[in-house]
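Just so we're on the same page: letters track the sequence lines, and every chain starts at 1.
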Amino acid sequence: MAAAALRPAILRHIRLSATTVTPLAAAAAAAQPHALARWLGRPMSSHADHLTHDEVVGRVLDVLKSHPKVDPSKVTPEAHFEKDLGLDSLDTVEVVMAIEEEFKLEIPDMEADKIDSLPLAIEYVANHPMAG
Amino acid sequence: MSTTAGYLARRAGQKERVRLLYRRALKDTLNWAVHRHLFYQDASDLRDKFEANRNVENLDVIDRLIDDAEAQQRNFQHPDPYIVPWAPGGTKFTRNPPPPEGIEIIYNYGKED
C-alpha cells in the first residue's frame, strides 16, 4: 500500500532520458561497430533458435577480417584461404580454430584439416546442429 | 617418375602431419593459458618454433623434426583440457537429452484434469 502511494511521488521527481545509450557504450560502438552490434544482437543463451545462413556468413567473414594477416578488403564468401587470401597452411589452422571458437564448436581434427576455404567453412558451420 | 610421385606423396603426408601437430599444439597452448592475453604470447612463440624449420628441405630431417615435436607435444599435454560442453567428455555431454519424439511432458504436476 505504502509502496503504491510512494510510486507516483517518486516518478514525479525522476527524469529519465528516452535514449538509454550511455557515453561508454556509444564510444565502444564507435570504436568497434561489428563487435558491439554482434554482442547486443546475440541472445545470451547457447541454445536459442538455430543460426540463419546470413548470420553464419557475416560472422565467419568477421573472423577472417580480424585475422592480422588477412587483408579485409579481399575477404569474400567465395575466397580460398591460401589462393585468394594469401595465408599459408599454418595460418589456415589458426583461422579454422578461430571460427571454431566463434561458434563454440569442436571440430574433429581430420575434418578441420579439410576446411581450406570460406565456402567450406560456412557450409560446415551452417550445417552443424550445435553451432551457436 | 616414380621417385617424383613418391617424393610428392611423402611431402604431402609430412605437411598433413605438421598441420595436425600445429592444431593440437595450438589447442593445448590455449588449455595451458589461464588468461586470453597470456595465450597470445604463447601462441606466437609456438608459431615461431614452427617457422624456425620452415626451410628445411631434407625429407629425413623433416621426419625426425616432426617425430620430436610430436613426442614433445605428447609429453606436455594438458591433463584436463577444455572441451566444448556438448562434446564427448564435456560437462553437458548426454545430460538432459531431449525426450524422444512423441513424448510430451506435462508440467502442471498433480493438477491434471
Side-chain angles (χ1 to χ4, degrees), chain A residues 32 35 39 42-51 56 59 63-64 66-70 80-83 85-117 120-121 124-132, chain B residues 11-33 35-36 39-56 62 65-66 69-70 73-74 77-78 81-98:
Chain A
Q32 274 195 322
W39 185 78
R42 191 190 305 181
M44 295 293 133
S45 149
S46 54
H47 291 289
D49 287 329
H50 198 61
L51 295 171
V56 171
R59 279 166 64 186
V63 169
L64 261 291
S66 53
H67 193 277
K69 289 180 190 168
V70 173
H80 189 279
F81 292 151
E82 296 185 20
K83 290 173 198 156
L85 300 180
L87 299 175
D88 63 19
S89 56
L90 296 189
D91 293 327
T92 302
V93 171
E94 291 173 12
V95 164
V96 172
M97 195 169 140
I99 292 173
E100 218 176 329
E101 290 188 339
E102 167 71 23
F103 291 95
K104 292 173 280 194
L105 287 179
E106 182 120 334
I107 306 178
D109 287 345
M110 297 313 282
E111 291 179 37
D113 193 44
K114 293 191 178 67
I115 298 177
D116 60 352
S117 63
L120 279 180
Y124 190 93
V125 174
N127 289 330
H128 200 293
M130 301 306 272
Chain B
R11 199 75 191 88
Q14 287 178 340
K15 283 182 180 172
E16 183 180 11
R17 276 177 79 193
V18 171
R19 285 198 304 271
L20 285 180
L21 175 65
Y22 185 59
R23 179 177 163 83
R24 287 180 187 142
L26 196 59
K27 287 200 149 191
D28 224 36
T29 305
L30 188 57
N31 289 330
W32 281 110
H35 287 297
R36 192 81 199 182
F39 165 72
Y40 293 129
Q41 185 57 45
D42 293 350
S44 171
D45 293 346
L46 178 71
R47 181 69 193 246
D48 289 344
K49 279 194 214 165
F50 278 77
E51 292 289 341
N53 297 320
R54 173 184 271 271
N55 296 320
V56 179
I62 296 176
L65 285 171
I66 297 176
E70 280 179 348
Q73 199 263 328
R74 229 174 291 127
Q77 267 177 11
H78 198 285
Y82 178 77
I83 303 173
V84 173
W86 51 261
T91 49
K92 272 169 82 180
F93 183 57
T94 70
R95 297 273 172 150
N96 280 334

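- Remark: side-chain polar atoms of B/R24 are not paired, donor with acceptor, to backbone N or O of B/Q73 under 3.5 angstrom.
- Put simply, the side chain of B/F50 reaches to within 4.5 Å of the side chain of B/V18, judged on heavy atoms.
- Counting heavy-atom neighbours within 6.0 Å of B/K49 NZ, excluding the residue itself, gives a total of 12 or less.
- In this structure the side chain of A/E94 never reaches within 4.5 angstrom of the side chain of A/L87, judged on heavy atoms.
- Using a 4.5 Å cut-off between heavy atoms, B/L30 contacts chain A through its side chain alone, with no backbone atom that close.
- Of the atoms belonging to B/K27, heavy atoms from both backbone and side chain fall under 4.5 Å from chain A.
- Contact count against chain A (heavy-atom pairs under 4.5 Å) is highest for B/R47 among B/E51, B/R47, B/K15, B/E16.
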